[in-house]
Each structure stands twice: as structure tokens, then as C-alpha cells.
Amino acid sequence: MSDQSSANYPADVMKKLISLCKQRGFVFQSSEIYGGLKSAYDYGPLGAELKRNLMAEWWRDMVHSRDNVVGIDASIIMHPQVWRSSGHAAGFADPLVDCLVSKERFRADKAPRPAVGAELPITCPDKGVAKDWAEQIEKRFGVALERDGNILSGLKAVSATEFGFVPKGAAAPAQVWPWRGYVEPTFGSPFLGDERQFNLMFRTALGSVDPMNEVAAELARLTAEPDLAAAVKSRFGRAADEGALKTAIESGDRGRILRAAIELLTAPAMAYLRPETAQAMFVQFKNVLESSGQKPPFGIAQMGKSFRNEITVEHFIFRSCEFEQMEMEFFCEPGTQKEWMQYWKDQRMQWWKRYANHPERFAFRQHAKDELAHYADDCYDVDFEYPWGYGELEGIASRTDYDLKQHEKNSGVKLRYTDQEKADPATGKKPWQYTPYVIEPAAGATRGVLVYLLDAYHEEERTTAAGEKEVRTVLKLHPRLAPIKVAVLPLVKKDGMPEKADAIAALFRARGILAKVDEKASIGKRYAKHDEIGTPWAITVDGQTLEDGTVTLRDRDTTEQVRVAVDAVVDLIARKLQA
RNA sequence: GCGGGUGUAGCUCAAUGGUAGAGCGGCGGCUUCCCAAGCCGUAGACGCGGGUUCGAUUCCCGUCACCCGCUCCA
């Protein structure tokens, strides 16, 4: 992973692209007139077309062009148990900590854990920062660390639960602080803030009766009781003997007790917005298997919205809390998952490159063992070289039989396939009943939109008719992705040319090809505008059209024109779109 | 969330403690036979809230959003 992109993007490409997206109607900030909503974006008229086209291409390739993949369209809200079974309720929450010195945020479970007795040097980025941090530490914690270049020393891991400051030559620490056993990963600082859980799932309440009514009433009653713990115990009965409520009561902390009580009171109404579309494919595995006539190896595909409370959102539509996925769960025989992984890796990479001007910007990256999600035993990302460096676009994960087994265990419903023809490799007996292994190509649809916008964004130096230099901006979108396929332009707004243009556009619409007539401003401006929104072809109606029934057909990328008969032009474009 | 930066028409920018201009773009009209031509007209902005002040777009505070970094992952 590099943080310096080597891809040859124009200067400030993101800034220009975001501006173009707004100006031309691809992407707007959500709720902009009210000040905007963090990381939420709306797709305008052109963006909606682009996203639909991209997703339609995926569906066509993954579902319609294969006889062993079927699609579903599941609800976003699922039974809460789904997320407990899948591990998202527990595992999708990361313990995050802020370093009080460097201000870095990191995951506690991945931080280095020095041995008891070890020195805890803080390695600062440079001498200047070292001086600054040493002063901060002195001011805030009252100890003067020794400073040698960019290293601050004198801190030591005193025990598993304490670290301290040991002045040079001293045997015992002059001062100690509580410690959770790890240090900030980049600089090694042990001065850390609290560990906080970030649950990445969106919660919502299901049901027309607001659970807060009951919460308010119960809290009013419980807090009036002289002995809160006793009142809570009698209200919740056995629930008070387990889980968060039990530990809260033991702690004696009123705040924690009330917090746990609220959790229990609201639990019956709590639901989650799905953090991935995948789980519906596992949960409906049996229904699809029985109704579709499929048998392994086969896939279930789905496109749709998912929601995650991302810790940080960034890079325009790259990471947002509400996003759209294109996922497929491919169920295969245990033992064949490696071959299928190879197959889907190839398929998916080919698909991404098919629509790209810069196929070299796509690359695989295999996950290291320690970065695999809780459900995966192997994973390859399709990375794209964004202007800020490589980043994920699609993850192709080997999810083993984890999900189906989890749901089988928790639902009590067998989620297996019985192969009448094959013998169980373990027993040698027919039939073989097994839990399929799963390969999951999971692509970001909204990321795909950004990727193809970036891939298509081109700037060219050109000289105007007046002899001035200027930049021609062209969105070299693949014709199948382009929002508008054909611009139909009367050369001038007279002599019946606008009417002729309308008639030609109608021919395209009748064939389901999106064509727009544009008769505003000069012909040059109209060409430039359509170049900028990625319209691959422009048809111009001129004087000759009215005489011999031919038009000029202009290519967006070369700006070259050929004369074709009106009668043939729709078929010609239709054929180009098929290619 | 933390640290740093930013916030003036659709876009790119300007000016100002006395309520704001331009270029491009938009809309309407005229003109125009091929790559952002010209003419006329027209609409449109100080992110939001509070404070200081006689008066705030300008100074202060808060908030919201965006950008960069940390973390995350489709």
C-alpha cells in the first residue's frame, strides 16, 4: 500500500471532479439547503443514470449471463438475531483509543503490548515535535522525560496494569499511572484516552409505539426508588442475573445500571439496518435452493444499500455511511473453494477492466492473516489507484462455511446441501450432505461510480477557434456506462433543423437508447458540454440533412465526424452499444 | 471522535466593520451551417445560530459541512 499515488491524474483531480459532478448533476451533497448531512450524497439526473448503468452491467454479467447464479432483493431490516449470528453485533465493534500525546487514533486490539519491565520510549517524528510533546507531557502529567533527539525516554512498564516514570539512576518509579498494557502503535506513547466501543451498525426501532415511552416511564419509577439496584432486580428478574445488567449492578454505578436497563427495555423493538447485503443470501439459502432448482456450485446475487457508522468518512463518495453494494455468495463443495476463488478473482478483475480506460490502475491485494474479517480465511481486494493512493473497490472473500453454520446453529434450521450422487469423503457413504463453502465477490457500487468517473476524467489542451489555449475536459466513460448515449444537435435553430432533431431523438427513445436534443448556444459549446458529461456520440442535423437525409456522427474521444444516413444511424449506435 | 485547514452566486474567484462585484455557467430573445463566436435582457450568494457593536459577510463563540491525517473497509 502506497500513500503516494503514481497514477497520472491531472492536478487537483478530486476537486475538479467534485465540482463537475455538482455542476453537471452527477452528485450533490445530501440535504444541502439545510447545511448538508455528513457523508451523505444524492445522485443527480446524470449520476442516477451512471449508477443504474453500472449496476445493470454487473447484474447482466453476474446473473443474466450465467445459468448458475440467481438474484434476490432482500429487505434492509432483518431479524436482529441475524447480526448476532453473523458476528456483526459483537465483532463489528472496534475498541478505539486516542493517544493523548500524538492525537493518533488506533485499535486497541491491534496495538503493541510491551512486556512488563520494558522501557517505553516515545519515538517522535522529529526533534521539534519531541520538544513539543515533552512540554505537553510535563504540563499535563507533571513529569520531565529525557529528550535525546527525537526520542523521549524514562517511561517503563511497571506492571501489567501500571506504567511509570523512572528518573535516570532511580530504582523506583517517581510516578505511576494506570495502564491497559499497550501503547500507541506509531510512536509508542502509553498516555492514552479511554477505550471506546464503536458499533458500526445503525440501530433503529421497529414498531409504531415509540419504545422511549416505556423507557421514560420506567426510568421515572426506578429512579424514584431509594435502592436502585433492588428495584432493577425486581423489575427485570432473571435478566438482572446475567449480562451487562449483572455487571452494572455489581459495579454499583447508577449510570451504568440505568444504561443497561434502557438497553433491556428497548431490546424488543431494536433492529439494525444491514451493514452488508450478504447475510440475506445466507439466511435465504434454503428458500432459494429449494425454489430455484439450483445446486452447488451456484450463486445468489444481490445489489442494494448497506449502512455502516464508519469511524471516519472520507474522499467524497468513497466511504460513506450509506452505500450501495453488489454482492454475490457463491456456494460450492467443501474443498473446491480455492479453485472458485481463482475463478471469481479472474472474472471480477476482467469485469472491472472491461469498462476502463486505465486498466493498469486496478490491482489485487491479498489480505494478511491478521487483517482478515472474522468470517474469512482468505481474501483478495480489487484495489484501485485513486488520486490519494491504492484503496479497496471490491473484496473477494473466502467465507468458508462460517455463515451458514452460524445461522444453522442459531436458527435450528439445517442449511446444507445433500448431493445424492457423491459419497461423503469422510465416511465413503452416499449421499453426501455438506455445508457449502462460500466465495464472496463483494463490490462497492458507489465506489464503482467514483472509480469510473476518475478513470474517465481527461483533460486535453486545445486551441479555440479564436486561437486561445484552453482545457478540454472529457469524461471518457464507456458507452454502456455513459448517462446519455446520444446528443442530437440542430446545427442552427432554424430551417426546421430543431424539428428534425426531435424526430431523430424519438427514434432512439423508441429503441430504449437515451438521446437528448440540445439546441442551446453554439454548436461548439454543445459539443464541449456533452464531452464533459461523457456522451459518447453527437449527431448533428445540418443543411445537408434536409436535402439528402444524412447527419454527421461525432465521436466524443476523437471528435472526428462521419456522415451517415438518418435511416441507418439508430442501428449503428445500437450495434456499437452491443459491442 | 481527535488534530490541522476551509466555508461569499451553479462553478472559479474578488472586495468590505456601513448589507457585495467579476469571469464562466443558467434562463429568455436576436444572430449563427461544425468544435466553449457575438449582441440584448434576466435571475442568482456572504453555510447556520448566538455574542460584541449604533451597525457584522468582515471580529469572537458555538454549530453544521467539506478537505488532509489517524482509524475503518464495499
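It should be emphasised that the depicted structure is a prediction, and the values quoted were computed from it without experimental measurement. Each chain gets a letter, A, B and so on, in the order its sequence line appears, and its residues count up from 1.
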message: So Q23(A), base contact, sugar-phosphate only, or nothing? Heavy-atom distance under 4.0 Å.
response: base
Among C34(B), A74(B), A36(B), the nucleotide that comes nearest once only the side chain of Q561(A) is considered: C34(B)
- prompt: Between F323(A) and R24(A), which has a closest nucleotide on RNA chain B that is more 5'?
  reply: R24(A)
message: Using the side-chain heavy atoms of K22(A), tell me which of these nucleotides is nearest: C11(B), C68(B), A36(B).
response: C11(B)
query: ring-ring contact (aromatic ring centres under 6.0 Å, His included): which pairs involve residues 20-41 of chain A, sequence neighbours left out?
result: Y41(A)-F316(A)
- request: Assign L393(A) to base, sugar-phosphate, or nothing according to its heavy-atom contacts below 4.0 angstrom with the strands shown.
  value: sugar-phosphate
field: Partners passing side chain to side chain contact (heavy atoms under 4.5 Å, CB included) against K520(A) (at least two apart in sequence or in another chain)
entry: D518(A)
- prompt: Side-chain donor-acceptor pair under 3.5 Å between Q325(A) and R274(A), yes or no?
  reply: no
- prompt: When Watson-Crick pairs (N1 to N3 and N6-O4 or O6-N4) and G-U wobble pairs (N1-O2 and O6-N3) count only below 3.5 Å on both distances, what is the dot-bracket string of RNA chain B, with | for other-strand pairs?
  reply: (((((((..((((....[..)))).(((((.......)))))....(((((..]....))))))))))))....
message: Considering every strand and a 4.0 Å limit on heavy-atom distances, what is the contact class for S320(A): base, sugar-phosphate, or nothing?
response: base
N/O donor to acceptor pairs below 3.5 angstrom from side-chain atoms of residues 393-400 of chain A, sequence neighbours left out:
from, atom 1, to, atom 2, distance (Å)
E394(A), OE1, R348(A), NE, 3.1
E394(A), OE1, R348(A), NH2, 3.0
E394(A), OE1, W352(A), NE1, 2.7
E394(A), OE2, R348(A), NE, 2.9
S398(A), OG, D377(A), OD1, 2.8
R399(A), NE, D403(A), OD2, 2.9
R399(A), NH1, E276(A), OE1, 3.3
R399(A), NH1, E440(A), OE1, 3.3
R399(A), NH1, E440(A), OE2, 2.6
R399(A), NH2, E276(A), OE2, 3.0
R399(A), NH2, D403(A), OD1, 3.3
T400(A), OG1, Y402(A), N, 3.1

- request: Could you check whether E532(A) gets within reach of a base, just the sugar-phosphate, or nothing at all, counting any heavy atom under 4.0 Å?
  value: base
- request: Verify whether one side chain among Y43(A) and T446(A) offers a donor that lies under 3.5 Å from an acceptor in the other.
  value: no
- request: Give E324(A) one of three labels, base, sugar-phosphate or nothing, depending on what nucleic acid heavy atoms sit under 4.0 Å from its own.
  value: nothing
query: According to a strict under-4.0 Å criterion, is H315(A) in side-chain N/O contact with OP1 or OP2 of C68(B)?
result: yes
- request: Determine which pairs satisfy salt bridge (charged side-chain N to carboxylate O under 4.0 Å, His left out) with at least one residue from residues 539-549 of chain A, sequence neighbours left out, and list them in order.
  value: D542(A)-R563(A)
- line: Closest to the side chain of Q29(A), out of A65(B), C34(B), C35(B), is A65(B)
task: May I ask you to evaluate whether K525(A) reaches the phosphate of G25(B), defined as a side-chain N or O under 4.0 Å from OP1 or OP2?
output: yes
Find every protein N or O atom lying less than 3.5 Å from an N or O atom of nucleotides 42-48 of chain B, and list the pairs.
none

message: Mind checking if D531(A) touches a base, just sugar-phosphate, or nothing, with heavy atoms under 4.0 Å?
response: nothing
- line: Contacts satisfying salt bridge (charged side-chain N to carboxylate O under 4.0 Å, His left out) that involve residues 32-48 of chain A (not counting sequence neighbours) are K22(A)-E32(A)
- line: Ranking A74(B), C34(B), A36(B) by distance to the side chain of R462(A), first place goes to A36(B)
task: Tell me, please, which residues at least two apart from Y380(A) pass ring pair (Phe, Tyr, Trp, His ring centres under 6.0 Å).
output: none
field: K16(A) to Y457(A), cation-pi by 6.0 Å centre distance and 45° axis angle
entry: no
- line: Expected list for residues 37-50 of chain A near RNA chain B, using heavy atoms below 4.0 Å, is L37(A), K38(A), S39(A), Y41(A)
- prompt: How far does the P atom of G55(B) sit from the matching atom of G51(B), given to the nearest Å?
  reply: 11 Å
query: Counting side-chain heavy atoms from C-beta on, which of C33(B), C34(B), A74(B) comes nearest to R319(A)?
result: A74(B)
Give me, pair by pair, the N or O atoms of the protein and of nucleotides 30-32 of chain B that are less than 3.5 Å apart, along with how far apart they are.
from, atom 1, to, atom 2, distance (Å)
U32(B), OP2, K494(A), NZ, 3.2
U32(B), O4, K493(A), N, 3.0

Qualifying residues under side chain to side chain contact (heavy atoms under 4.5 Å, CB included), relative to H315(A), sequence neighbours excluded: F318(A), W388(A)
- prompt: At under 4.0 Å between heavy atoms, what does G543(A) touch on the DNA or RNA strands: base, sugar-phosphate, or nothing?
  reply: base
task: Decide, yes or no, whether a salt bridge links E57(A) with R60(A) under the criterion of side-chain N to carboxylate O below 4.0 Å.
output: yes
message: Let's see if you can work this out: which of C33(B), C66(B), U12(B) has an atom nearest to the side-chain heavy atoms of S19(A)?
response: U12(B)
- request: Can you tell me, in whole Å, how much space there is between the C1' of U52(B) and that of C61(B)?
  value: 10 Å
message: Once you apply a heavy-atom cut-off of 4.0 Å, does M326(A) come out as touching a base, just sugar-phosphate, or nothing?
response: nothing
message: In whole Å, measure the gap between the P atoms of A22(B) and C60(B) for me.
response: 29 Å
- prompt: If you measure from the Lys or Arg side-chain nitrogens to the Asp or Glu carboxylate oxygens, is any gap between R472(A) and E460(A) under 4.0 Å?
  reply: yes
query: Which residues satisfy the side chain to side chain contact (heavy atoms under 4.5 Å, CB included) test with S39(A), sequence neighbours excluded?
result: V313(A), S320(A), C321(A)
